[in-house]
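Worksheet: one structure, shown below.
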Amino acid sequence: MHKIPRIALVIPCFNEQEVLTQTNLTLISLIKHMIASNEIASDSYLLYVDDGSRDNTWNLIEKFAIEEPVVRGLKLAANVGHQNALIAGLEAVKDACDAAISIDADLQDDIEAIPKMVAEFKKGYEIVYGVRSNRDSDTWFKRESAQGFYRVMNNLGVKSVYNHADFRLMSAEAIKDFLEYDERNIFIRGIIPLLGRTQTSVHYERKPRQAGESKYPLKKMINFAVDGITSFSVRPVRLVFFLGLGFMLVALGIFVYVLIRYFGGETIEGWTSLMLSIWFCSGVVLISLGIIGEYIGKIYTEVKHRPRYSIEKSI
């Protein structure tokens, strides 16, 4: 690529008033430095996407946009979740940039990786992943659960980039390809590797959050993992089927055992084994129904085809 690229930084925000002022100062300093050094075009910009925040986030974004011409803002009418807010931002910039870089508002992702991403883009790569070099800043539980999630996804046949979240560069053409994926039960990290465009990675060390609260508590992490698995694999449903076959074989074995005991004159039944069997089998049945129900629920959501988000205002 010979021309200087026009870059858009897309920053989804949800209740980020504690960190947003410092984030804005840091990103503006970076983007102005990159413009001055001719790494990116002079009309490159930041786009904050307010995902229905209940605090002062949007007022801050409006203030930033008035003070700095490189800042733009998009306010969603309701909280639709990080993934949908990111999609709204990419939709907004796809025709107004050569490439977009998505980054979280807390700036735990190292902004020093951004110039490296742009350098790879200039070499011809259309997708550049920001990949963590380690997870030392995470708690033990978060580190182990994240690694377990990646292993499960790989075992289910889902292509994913290990230790990559949503810190990435995508060319405008790659963004348009991605937006053709119209499902509501969307797992962005699994879709991007499927686009088939030239891809590479840059590595960085993730920093601890400086202020505010994590927007991915345990409940959201579980929901995110479930969405990722159910949107890309039907293997859990197949697992239910094979589990049923396994229990049929166990039942057949128990039937043979009962017949042997019956004809041998030993027909005393144990209460403990009976109760354990009932509770265990009932638990398996309910779990199986839950897995199947999860897929049926996703079908229900998809066929309604409701919009992912509504835009209240922009600046």
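All figures in this text were calculated on a predicted structure; none of them were measured in a lab. Note: hydrogens, waters and symmetry copies are ignored here, and every other heavy atom, side chains too, is used.
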Does Asn15 reach the main-chain N or O of Arg54 with its side chain, forming a donor-acceptor pair under 3.5 Å? yes
If I compare all heavy atoms of Asp104 with all of Ile11, which pair ends up nearest, and what's the gap? C-CG2, 4.1 Å
Just say parallel, tilted or perpendicular for the rings of Phe167 and Tyr204, cut-offs at 30° and 60°. perpendicular
Can you see whether Tyr129 engages Gln199 through a side-chain donor-acceptor pair at a distance of less than 3.5 angstrom? yes
Side chain Ser102, main chain Asp166, donor-acceptor under 3.5 Å: yes
Straight-line distance of Tyr309 OH to Asn84 CG, nearest 0.5 Å: 9.0 Å
Is it the case that the side chain of Thr57 and the backbone of Glu16 share a donor-acceptor pair, with hydrogens and angles ignored and the cut-off at 3.5 Å? yes
Is Arg72 positioned over the aromatic face of Tyr45, cation under 6.0 angstrom from the ring centre and no more than 45 degrees off axis? yes
For the residue pair Ser53 and Asp50, confirm or rule out a side-chain donor-acceptor distance under 3.5 Å. yes
Under 3.5 Å, is there a donor-acceptor pair between the Asn59 and Gln17 side chains? no
Quick check: does any side chain N or O of Ser44 sit under 3.5 Å from a backbone N or O of Ala41, one acting as donor and the other as acceptor? yes
With sequence neighbours excluded, what pairs up with Ala99 under the side-chain contact (heavy atoms from CB on, under 4.5 Å) test? Ile7, Phe121, Leu169
Within the distance-only criterion (no hydrogens, no angle test), does the side chain of Asn79 pair as donor or acceptor with the backbone N or O of Asp51 below 3.5 angstrom? yes
